[in-house]
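When a residue number appears, it is its place in the shown sequence, counting from 1. These numbers come from a predicted model, not from an experiment. These values consider heavy atoms only, across backbone and side chains, with no hydrogens, waters or symmetry-generated copies.
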Amino acid sequence: MAATDIARQVGEGCRTVPLAGHVGFDSLPDQLVNKSVSQGFCFNILCVGETGLGKSTLMDTLFNTKFEGEPATHTQPGVQLRSSTYDLQESNVGLKLTIVSTVGFGDQINKEDSYKPIVEFIDAQFEAYLQEELKIRRILHTYHDSRIHACLYFIAPTGHSLKSLDLVTMKKLDSKVNIIPIIAKSDAVSKSELTKFKIKITSELVSNGVQIYQFPTDDESVAEINGTMNAHLPFAVIGSTEELKIGNKMMKARQYPWGTVQVENEAHCDFVKLREMLIRVNMEDLREQTHSRHYELYRRCKLEEMGFKDTDPDSKPFSLQETYEAKRNEFLGELQKKEEEMRQMFVQRVKEKEAELKEAEKELHEKFDRLKKLHQDEKKKLEDKKKSLDDEVNAFKQRKTAAELLQSQGPQAGGSQTLKRDKEKKNNPWLCTE
């Protein structure tokens, strides 16, 4: 193999040197491909749209399979996000596909906060990845990346204009996810109406500042097809898992009384364009845009909220260690300040409590003195009453003794008089006859 020239940049002092022969690092792309194929790939799709627009059917049609799932009803009290992960295999390439659907979106009377659960879900996936990234022991090569790579926004085929709910939701999501707007069930409007509807949607998105995903044109290999497809946005699609025999071939189609709509016929809808752009051409760019643009924006804002920054006030580079030390000193200063405030508050409360206790003690002493005086007065009254009762008892005892003495003397006097009378009767018998 002929010698090749390479450029190797090492700071400012890089130079080009020739090789005398084959080295072998030209196999790095092959090594990268083999490693990526062995590890497998992941791709996460968020389907946003009102119930009944054919989100599940389109996913089944896109990946040519039947995903498990129950049809959603229109009775959901709020918007819920339902996530399902599947392992797909095509040739020797494995894909871990996650489909997230918005159940109940647009079914409520008050749709003001319908976008909030979606934004919170996307932020939660970013936060989970950031927490894994900030760990001391990271396992990012085996970590299941749940960040949303593409958001298929299903627009109802009204033929008039976007609903305010659609504009508000896409405006809230455009800085967090790659939005690809699609007109669902596009066979419900005529071809001329569909063309006008696409122009109207594009105009409203531009006038409201909604940034949708643009297929990249910086790569020469796909610049032409991506530039052409950017002009066809939003895609008007039809989904169907039913196969009908058309001519001599079995094709995915929808049968109507007036005719048949072929899903993969570009004259009938843009399904093939969507599949080419989403899966076959730009899947890796969607993954890269999610990491380098949307996740980096979330990560930067989150770290700035935590106090980390790249430059100091003089616009000089600020290392992570310096940032950590500055943040640590700031935290310690705030901690000491709070500790001093708490100490002062504690001292103040202790003083207030001491004053309250002293006041309560004073009141208790006064109450004790009043009760003591009252007790002494009551005791004196009881003693006086007892003394008078003792006097009455003594007087009663004296009277009782005197009465008993009188009673004992009375019978003795009566008995002596009876004896005297009997003696007189003996001496004088005439007294007896009387």
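The salt bridge (Lys or Arg N to Asp or Glu O under 4.0 Å) analysis of residues 288-298, with sequence neighbours excluded, yields the pairs Glu296-Arg299. Contacts classified as side-chain hydrogen bond (donor to acceptor under 3.5 Å, both in side chains) and involving residues 197-219 (residues at least two apart or in different chains) are given here: Lys198-Asp270, Tyr213-Asp285, Asp219-Ser221. Applying the ring-ring contact (aromatic ring centres under 6.0 Å, His included) test to pairs two or more places apart or on separate chains, those with a residue in residues 244-285 are Tyr256-Trp258. Listed by first and then second residue, the ring-ring contact (aromatic ring centres under 6.0 Å, His included) pairs involving residues 76-105 are Phe67-Tyr86 (not counting sequence neighbours).
Inspection of the Asn44 and Ser146 side chains reveals no N or O donor paired with an N or O acceptor under 3.5 Å. For the residue pair Asp60 and Thr241, no side-chain donor N or O sits within less than 3.5 Å of a side-chain acceptor on the partner. At a cut-off of 3.5 Å, with distance as the only test, a side-chain donor of Gln348 or Glu352 sits close to an acceptor on the other residue.
Between Tyr295 and the choices Gln289, Glu133, Arg147, the side chain to side chain donor-acceptor pair (under 3.5 Å) rule is met once, by Glu133. Across Leu244, Thr61, Ile238, a single residue satisfies side chain to side chain contact (heavy atoms under 4.5 Å, CB included) together with Lys252, and that is Thr61.
The pair Lys196-Glu193 does not count as a salt bridge, with every side-chain nitrogen at least 4.0 angstrom from each carboxylate oxygen. Taking a cutoff of 4.0 Å between a charged side-chain nitrogen and a carboxylate oxygen, Arg287 and Glu284 qualify as a salt bridge. Salt bridge Glu383/Lys386: absent, no basic N to carboxylate O contact under 4.0 Å.
Contacts of Lys249 classified as side chain to side chain donor-acceptor pair (under 3.5 Å), with partners at least two apart in sequence or in another chain: none.
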Below 3.5 Å, can you tabulate the donor-acceptor pairs from side chains in residues 359-374 to any protein atom, sequence neighbours excluded?
none

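Within 6.0 Å of CE in Met250 there are more than 12 heavy atoms belonging to other residues, nucleotides or ligands. The environment of CD in Glu68 is sparse: at most 12 heavy-atom neighbours from other residues, nucleotides or ligands sit within 6.0 Å.
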Just do the side-chain contact (heavy atoms from CB on, under 4.5 Å) check on Leu297 and His294 with the steps written out, would you? CA-CA 5 Å; Leu297 176 61; His294 301 297; 5.8 Å; no
Where do Glu340 and Gln336 land on the side chain to side chain donor-acceptor pair (under 3.5 Å) test, with the steps shown first? CA-CA 6 Å; Glu340 181 64 22; Gln336 290 178 355; over 6 Å; no
